[in-house]
Amino acid sequence: MKSKTLPLAALASVFLISPLFSQIEAEQSVIIKIMGVAPEEKVKIDETYPVSKHGKLSLPYIGEIQAAGLDSDQLAKSIQKAYRDGDIFKEAIIQVFSNQTQIDPVAQKVHIGGKVQKPGPTDFTKGLTVYQAVQAAGGASEFGAMNRVILWRNGKQQKIDLKTEEGKGVVAMPNDTIEVPDKTILGK
């Protein structure tokens, strides 16, 4: 009887230890899903992210976060904590799936949301402006305020007036989040 329980215990320990061997590595990609947020926020977060050669992810609203060396559960808890500590998503639940695929280091995204025709990620190219990124999302909807666009970069926000020449010249960076807010009652 004891000889049968020992192999079962050994087999169980393999399953308990196996997450340690599935650590995220630099230059691979991970799939991140968020739950407990509004649908327009979900489309900004849910996607595949590249892990840089330095082992970091760049996420909307919070910027860079260490990923390499962590397993999927550890990274999910780290991201969830960063969003909660930053008062961004207090009730969010994060899931991380290790893609185990080597990524193309030049495949980068800009995330566009709010009152645009087609919210979601768009490909980043060198020289892309915030205005061009909004246009790639189909432009502002009839309810979008182009004079108060919010640019999120590395956890900080900046308001941009995309109706001015100066505003139209602001250059986007990989993993920026751009949000076109609602117009006010006065239509601005």
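Just so it is clear, the structure is predicted and the values come from calculations on it, not from any experiment.
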Walk me through it: do Lys109 and Tyr49 pass the test side chain to side chain donor-acceptor pair (under 3.5 Å)?
CA-CA 9 Å; Lys109 302 282 183 185; Tyr49 292 85; over 6 Å; no

Donor-acceptor pair, [X] side chain versus [Y] backbone, under 3.5 Å?
| X | Y | answer |
| --- | --- | --- |
| Glu40 | Gly113 | no |
| Lys42 | Ile34 | yes |
| Thr125 | Leu128 | no |

Given side chains that start at C-beta, do those of Tyr83 and Ile45 come closer than 4.5 Å, heavy atoms only?
yes

Does any non-hydrogen side-chain atom of Asp73 lie less than 4.5 Å from one of Val96?
no

Tell me if the NZ atom of Lys90 is crowded by more than 12 foreign heavy atoms within 6.0 Å.
yes

Cation-pi between Lys168 and Tyr131: NZ/CZ under 6.0 Å from ring centre and within 45° of the ring axis?
yes

side-chain hydrogen bond (donor to acceptor under 3.5 Å, both in side chains) partners of Lys118, counting only residues at least two apart
none

Decide yes or no on salt bridge (Lys or Arg N to Asp or Glu O under 4.0 Å) for Arg148 and Asp161, but give the supporting numbers first.
CA-CA 5 Å; Arg148 295 180 292 110; Asp161 184 349; over 6 Å; no

Before you tell me yes or no, could you show the steps for Glu47 and Lys33 under salt bridge (Lys or Arg N to Asp or Glu O under 4.0 Å), namely the whole-Å CA-CA distance, both residues' side-chain angles and the distance that decides it to 0.1 Å?
CA-CA 7 Å; Glu47 71 173 85; Lys33 302 281 183 190; over 6 Å; no

Is there a path of hydrophobic side-chain contacts, each under 4.5 Å between heavy atoms of I/L/V/M/F/W/Y residues, joining Ile65 to Ile94?
yes

Just jot down the salt bridge (Lys or Arg N to Asp or Glu O under 4.0 Å) partners of Arg153, sequence neighbours excluded, or say none.
Asp176

